[in-house]
Asker: 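There's a structure below that I have some questions on.
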Number of protein chains: 2
Amino acid sequence: MNIINFHGNKEIANDFLEFLRGKKASFLLALSTTKTCEIPNITQAGIEGKIHLTPILDAEFLCSGKVRSIGDIATTPKGVPTPALITRAIHLLKPFNDIELLNLGLTSQPKINFFNIYDFKLKPSQRIDLGAEIEAETLFEIGVEFGKNYKSKSDYIILAESVPSGTTTAYATAKALGYDCDGMFSSSFKSHPKSLKSKIINKALLDISSSMNIFEKLSRVSDNMLIFNAGFVMALIQNYRVILAGGTQMASLLLIMNSIIETMQGEIDSKNLALVTTKWIYEDKNSDIKGLLDFLNFNILAYYSDFDFSESQIEVLKLYDKGEAKEGVGAGGSIFYGYLNNLTKEQITKEVEKGFM
Amino acid sequence: MNIINFHGNKEIANDFLEFLRGKKASFLLALSTTKTCEIPNITQAGIEGKIHLTPILDAEFLCSGKVRSIGDIATTPKGVPTPALITRAIHLLKPFNDIELLNLGLTSQPKINFFNIYDFKLKPSQRIDLGAEIEAETLFEIGVEFGKNYKSKSDYIILAESVPSGTTTAYATAKALGYDCDGMFSSSFKSHPKSLKSKIINKALLDISSSMNIFEKLSRVSDNMLIFNAGFVMALIQNYRVILAGGTQMASLLLIMNSIIETMQGEIDSKNLALVTTKWIYEDKNSDIKGLLDFLNFNILAYYSDFDFSESQIEVLKLYDKGEAKEGVGAGGSIFYGYLNNLTKEQITKEVEKGFM
């Protein structure tokens, strides 16, 4: 099997896959900007000086095959193209039932026609080292309401994200909530700028005290994508099967859910929920997604899609295999969808490569 | 891209395609007969003396793969098979979500089980040179009502037609409504029987005076398919995305809509509507579909499907590339649907050829 289960009950994990085999999914892309991304060298997920555009370009490229808000797709300084390239390739080979966008605070609206853009009229959040200034409790509740009312004709929902510097805010979030997670969060860099990231996070955490409630903490150090989706997913899994398509950011989202449930002394039926990521995240020596999931007090299935660019001849793609970029725009979850609809590694590789011909 | 936009805003046209990618369509085939088809040599869309059977045979073949009301599928005297062959091939390769038939005046009911046939209890309309005798306003309103109440589980609707001598009535219709459209209408013939067609149309137009309202004009020179569908489409696009799958006949339908809107000083939101035709129509030197669309006061996206029989060895199919038949039974729109569901020109060619093995 080209989809590998690495967390949760093996038998249930097997049957969850089997149940989704051949079924049609909606792909929801949650987009937000935290001004944390403007801190020099904190992320390489985009074009220097224009990193705030990355989620907008990802959305435009995924939906329309074009980028409109700037001349080209988002790449790292080394030229590693956004994982949106992988997600788009899957969509071309086996179209999602639907692609919908969640605007959770962008500097401008993606330039796309026809596709549904849910606009929650949010501003980009602030730098976490200066205080993120998010109305976290309200935002969480907006997410819950949206999840309660969300209707889909698809068999299941793949929820993905594009948030530059999102691993920094995800890490700060987990730390602020008290999880002992040092060394567990990923980065778009191959070689972490650890000292810088730690410096920013430590500065952000100075603003957190143990007397604060969860939402007060999130308001200061988190990002819109994490807070909204924590609420959204908690409501959504009452009615739909949901794949969290991402790496350690999606794990942080689960940790928020976990903390809220604990505080409320509630329970959650997580049988409709799974996390799916890339092999690059699963095998990353500088992070530990499995460790993050182990913190959860509820059961969660997790998988990685066994895909890499070993069959490709394109140099910038092979940088993925060396640890650059790793995940984003639901790349791992998209490949999962592709594999469950009988795509092969070879087909996916060839389709991604077309962008370079 | 194998679907070429030739009318409307390029960016919106791109995104319309992208939005429909992989989505499922219902195929609605509007069938009617005008006794105009009985005028010798006015059309070659069928078997001489039995041309009134063409829409019935097209419907039978498309739905069931068989023809029942006569021994064989409709062909021209040169043996060019009906474009239903192309639509059927697409359906075999990537089935439509549904095929439904609209009986808008046939000499007999198509012999098909299970498939939905909406029967509006209409008679074939009369020869336009003798007065078509259609209750146009009532028929238009029946179309509007049907469109308001029409329910579909599909993501979008492909509306196609089979009306022998339909380009003659379409041309007369546009002329009667005052459009300066000489030389713009297509024909199933490679070499137009222009003098005959003009003679019939001119005779029909003698019956039209400028003091008549739109419906009085349509009553005399149009056909049931055009009038009903003008109302149907105006209502349908309030709720569904619609592809008009056809050539200059569908353009004439749009001109009817245009005239009605103008007279009523109304407006129309046409963002849910596009016309899709074949490359044979788009490249036809003897007609001008783009010119017809330029008459419209509302925006309309139009595309042709880049398909021909250059990869085929079957002689009668290659006659399409020489200008015979060209379009009908939604051939262009069907190929559009096939392409958006990842069929290739080679696959479609091979499937059509199976009918000759």
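All chains are named by letter (A, B, ...) in the order of the sequence lines, taking the proteins before the strands, and each is independently numbered beginning at 1.
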Asker: What are the two closest non-hydrogen atoms of L92(A) and N342(B), and how far apart are they?
Answerer: O-ND2, 2.8 Å

Asker: If you measure from CD1 on I112(A) to CD1 on I12(B), what distance do you get to the nearest 0.5 Å?
Answerer: 13.0 Å

Asker: What is the minimum heavy-atom distance between N14(B) and K66(A), and which atoms define it?
Answerer: OD1-CE, 3.4 Å

Asker: Chain B contacts: which residues in residues 344-357 of chain A have a non-hydrogen atom closer than 4.5 Å to it?
Answerer: none

Asker: For K121(A), look at atom NZ and say whether over 12 heavy atoms of other residues, nucleotides or ligands are found less than 6.0 Å away.
Answerer: no

Asker: Tell me whether E18(A) at atom CD has more than 12 heavy atoms from other residues, nucleotides or ligands lying less than 6.0 Å away.
Answerer: yes

Asker: Using the rule side chain to side chain contact (heavy atoms under 4.5 Å, CB included), only one of L20(B), D15(B), L17(B) pairs with F114(A); which is it?
Answerer: D15(B)

Asker: For R68(A) and E11(B), what are the C-alpha separation, side-chain angles and deciding distance, and is it a salt bridge (Lys or Arg N to Asp or Glu O under 4.0 Å)?
Answerer: CA-CA 10 Å; R68(A) 290 174 176 148; E11(B) 182 180 307; 3.8 Å; yes

Asker: Which bit of K153(B) comes within less than 4.5 Å of chain A, counting heavy atoms only: side chain, backbone, both or neither?
Answerer: backbone

Asker: Side chains of residues 95-105 of chain A: which donor-acceptor partners sit under 3.5 Å, not counting sequence neighbours?
Answerer:
from, atom 1, to, atom 2, distance (Å)
N97(A), ND2, S154(A), OG, 2.9
D98(A), OD1, K23(B), NZ, 3.4
E100(A), OE1, Y150(A), OH, 2.5
E100(A), OE2, N116(A), ND2, 2.9
E100(A), OE2, Y118(A), OH, 3.3
N103(A), OD1, G105(A), N, 3.0
N103(A), OD1, L106(A), N, 3.4
N103(A), ND2, Q109(A), OE1, 2.7

Asker: Rounded to the nearest 0.5 Å, what separates atom CZ in F19(B) from atom OG in S64(A)?
Answerer: 13.5 Å

